[in-house]
Amino acid sequence: MAGISHRGELGGAEGGAWVGSGGLELPPGDEGHEGNSTDVPPGAVSLARPMEMGSIGPELDWGTDAWREVRTRAQRAGRAYIWLNLVEQRLRAVVAAVLRPIYEPVHGDEWVVAAAGPAGQEWVQRAVAVREVSRRKGYLLDPADDNVLSFLTLPQLRELMVQHWPCFEPYIDERRDVELALDELEVTRNVVSRNRALSEAVLGQAERASAKLLEILGAGSDVPSARRLPVDAVEDMVGDRYGDVVGVHPDRVRLLRQFPGEDIFGGARRLDAIGIGLNLLVQNFSGRRLVRLAESGCRVRLLFLNPASSAVKRRERELGIKRGEMSRAVEMNILHMRRVRSKLRDPGAFEIQVYDETPRFTAYLVDGDGSDGIAVVQSYLRRTRGMEAPVLVLRGGGRVVKADDVDDSGLFPTYREEFELAWADSRPVS
């Protein structure tokens with residue numbers, strides 16, 4: 001236009017205004033026209049002055065509490081996503097294994113569309129459209145995903161299963177269990193897909209439902225120790241990063257909240273324990289249960305610190321407790337275990353010994369001679385009682401994700417060897 005320069009300025013005005021794309025007149029940007037100037041022409045849009053680069057005001061800053069909340073939400077969403085991903089992949093594989101042989105011989109690559117039928121026409125066509133868009137934009141990174149089935153959501157996979165339940169019935173016992181588990185997952189799926197806050201209770205429900213569903217669909221964990229210490233989804237994904245450490249707890253109280261004594265020791269076929277007073281076992285697993293455990297065939301070896309040794313006196317000084325207090329507590333625990341042993345038909349299967357060396361750690365090795373063992377380990381700290389010391393939970397039998405790896409590079413065999421050396425140098429308690 002004749003009155004507009006090549007920069008879009010209106011002619012005839014000194015320091016002319018700019019014309020925006022919507023036809024509105026923007027105020028001049030020179031030094032004589034601040035954002036709050038009264039010289040802005042009528043009809044102009046007032047613009048706030050831009051902030052300097054890298055200077056975010058305090059009203060936009062996040063404090064420590066905000067960052068903690070964000071990280072918590074991300075951690076919960078990440079755990080939930082792993083579970084949902086596992087379930088969806090397994091359900092997709094089951095649907096393909098059952099329905100593809102029925103529909104593919106007749107319908108070829110369109111077998112999913114045919115299986116959906118008129119009732120699923122809308123959502124299967126939507127999946128076809130998303131697949132085409134993904135093809136054009138290069139979103140299909142794996143050729144194995146270039147099929148309609150890979151673009152079905154969890155509810156749509158469920159719908160295929162429900163529509164063709166007679167085909168799945170020979171492989172799955174209870175349809176109701178499958179549907180209830182999928183119902184419980186739906187809340188979590190919606191929350192995670194929209195990046196909303198996921199509560200700890202809902203996450204726990206989703207993890208339980210996912211584990212149950214994977215078990216129903218024949219994809220439960222094949223790790224032997226899973227009956228005592230269920231394989232966690234995150235452990236299953238990245239377990240090789242942490243050797244055989246599957247749990248870290250700030251203290252023994254928080255360990256027992258998540259992993260009660262009955263879960264640790266119940267059903268054991270072998271129990272080896274070393275420590276000062278072995279309170280985790282003595283105080284959290286009743287003598288009656290120990291008798292039943294030993295009578296059922298469990299072999300028990302308990303290694304206490306000698307209550308009369310100088311090491312007990314040094315430990316009492318470290319903790320600042322009265323002289324003789326710890327030695328009496330250890331002696332009471334040993335007497336309690338002797339009473340348990342006296343009630344057994346085969347006392348030889350329940351051995352009690354003491355050692356005189358400086359105590360370095362306490363360890364409870366459950367089924368440590370096999371591939372399904374677990375261990376609870378604590379180091380002794382100078383000023384910290386055993387109840388307050390950090391706790392490691394170890395899984396024996398190699399790392400979860402590398403089940404074929406026989407290299408004993410984890411911590412479990414290290415503590416097992418330490419126990420055997422200490423046991424060989426100890427003395428029996430009559």
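Quantities reported herein were computed from a predicted structural model and do not represent experimental measurements. For the numbers below, each heavy atom of this structure counts, side chains included, while hydrogens, waters and symmetry mates do not.
- The line from CG of L140 to CZ of R131 is 8.0 Å long, rounded to the nearest 0.5 Å.
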Candidate pair M161 and L99, rule side chain to side chain contact (heavy atoms under 4.5 Å, CB included), full reasoning: CA-CA 9 Å; M161 177 179 282; L99 297 185; over 6 Å; no
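- Taking CG of L305 as the reference point, atom OH of Y380 lies at 7.5 Å (rounded to 0.5 Å).
- In this structure, A363 and V377 approach most closely via the heavy-atom pair CB-CG2, 4.1 Å.
- In this structure, CZ on R288 lies 7.0 Å from CZ on R292, to the nearest 0.5 angstrom.
- Counting only heavy atoms from C-beta outward, the side chains of S210 and L86 never approach each other to under 4.5 Å.
- Applying the salt bridge (Lys or Arg N to Asp or Glu O under 4.0 Å) test to R194 and every residue at least two apart in sequence or in another chain returns nothing.
- Between the OG atom in S379 and the CZ atom in R360 there is a gap of 11.5 Å [rounded to 0.5 Å].
- Judged as a salt bridge (charged side-chain N to carboxylate O under 4.0 Å, His left out), the pairs with a partner in residues 134-144 (not counting sequence neighbours) are, in order, E132-R135, R135-D146.
- Contact of the L255 side chain with the V393 side chain is registered, since non-hydrogen atoms from C-beta on lie closer than 4.5 Å.
- Using a 4.5 Å cut-off on side-chain heavy atoms (C-beta onward), I216 and R90 make no contact.
- Across F304 and I276, no two heavy atoms sit closer than the pair CD2-O, 3.7 Å.
- When side chains are defined from C-beta on, R427 counts as touching D356, because their heavy atoms get closer than 4.5 Å.
- Contact check for L214 versus W83: side-chain heavy atoms found under the 4.5 Å cut-off.
- Shortest non-hydrogen contact noted between P105 and R100 is CD-O, 3.7 Å.
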Step-by-step side chain to side chain contact (heavy atoms under 4.5 Å, CB included) determination, V112 to N147: CA-CA 9 Å; V112 177; N147 57 77; over 6 Å; no
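- Between F168 and W165, the angle of the ring planes stays under 30°, which puts this pair in the parallel group of the 30/60° scheme.
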E169 and R175: CA distance, side-chain angles, deciding distance, salt bridge (charged side-chain N to carboxylate O under 4.0 Å, His left out) verdict: CA-CA 8 Å; E169 197 168 15; R175 170 178 170 177; over 6 Å; no
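- Counting all heavy atoms, side chain and backbone alike, W111 lies closest to A96 at CH2-CA, 3.9 Å.
- Taken from CZ in R76 to OG in S199, the straight-line distance is 7.0 Å, to the nearest 0.5 Å.
- In this structure, the side chain of Y355 does not engage the main chain of I274 through any donor-acceptor pair within 3.5 Å.
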S309 vs V312, side chain to side chain contact (heavy atoms under 4.5 Å, CB included): CA-CA, chis, key distance, verdict: CA-CA 6 Å; S309 68; V312 171; 3.7 Å; yes
Derivation and outcome, side chain to side chain contact (heavy atoms under 4.5 Å, CB included), residues V429 and L302: CA-CA 10 Å; V429 174; L302 305 180; over 6 Å; no
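- A donor-acceptor pair under 3.5 Å links the side-chain atoms of Q156 to the main chain of T153, judged by distance alone.
- The existence of a salt bridge linking E420 and R301 is confirmed by a sub-4.0 Å separation between a basic side-chain nitrogen and an acidic carboxylate oxygen.
- Using a distance-only test at 3.5 Å, with no hydrogens or angles considered, a donor-acceptor pair links the side chain of D251 to the main chain of R254.
- Without hydrogens or angle criteria, Y364 side chain to L280 main chain gives a donor-acceptor distance under 3.5 Å.
- Once rounded to the nearest 0.5 Å, the distance linking CG of L213 with CG of L154 reads 8.0 Å.
- No salt bridge links D272 with R416; every basic N to acidic carboxylate O contact stays at or beyond 4.0 Å.
- Although no hydrogens or angles enter the test, the distance criterion places a donor-acceptor pair under 3.5 Å between the side chain of D367 and the main chain of R269.
- Residues L157 and E88 form a side-chain contact, since some pair of their non-hydrogen atoms from C-beta on lies under 4.5 Å apart.
- At least one donor-acceptor pair under 3.5 Å links the side chain of S342 to the backbone N or O of R339.
- The backbone N or O of V246 sits nowhere less than 3.5 Å from a side-chain atom of R395 that would complete a donor-acceptor pair.
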Pairs under 3.5 angstrom only: tabulate donor-acceptor contacts from the side chains of residues 318-334 to other protein residues two or more places apart or in another chain.
from: E318; atom 1: OE1; to: R315; atom 2: NH1; distance (Å): 2.9
from: S327; atom 1: OG; to: G324; atom 2: O; distance (Å): 2.9
from: R328; atom 1: NH1; to: G324; atom 2: O; distance (Å): 3.4
from: N333; atom 1: ND2; to: G277; atom 2: O; distance (Å): 2.7
from: N333; atom 1: ND2; to: N279; atom 2: OD1; distance (Å): 2.7

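- Y103 places no side-chain N or O within donor-acceptor distance of the main-chain N or O of E110, the cut-off being under 3.5 Å.
- With respect to R289 and E262, a salt bridge is recorded, a charged nitrogen being found less than 4.0 Å from a carboxylate O.
- Two residues are said to be in side-chain contact when any heavy atoms from C-beta on lie closer than 4.5 Å; V191 and V202 fail this criterion.
- Scored by the side chain to side chain donor-acceptor pair (under 3.5 Å) test, S310 finds R314 as partners (sequence neighbours excluded).
- Scanning all heavy atoms of the two residues, the minimum distance from P390 to L381 falls at CD-CD1, 3.9 Å.
- Taking the side-chain contact (heavy atoms from CB on, under 4.5 Å) definition, one finds that A197 meets it with R73, sequence neighbours left out.
- Closest heavy-atom contact between E184 and A209: OE1-CB, 3.2 Å.
- For the salt bridge (Lys or Arg N to Asp or Glu O under 4.0 Å) test, no residue two or more places apart in sequence or in another chain qualifies with R385.
- Side-chain atoms of E295 come within 3.5 Å of backbone N or O of R345 as a donor-acceptor pair.
- No more than 12 heavy-atom neighbours from other residues, nucleotides or ligands sit within 6.0 angstrom of OH on Y81.
- Under a 3.5 Å cut-off, the side chain of D244 and the backbone N or O of L411 do form a donor-acceptor pair.
- Under the 4.5 Å side-chain criterion, counting only non-hydrogen atoms from C-beta, R299 is in contact with E351.
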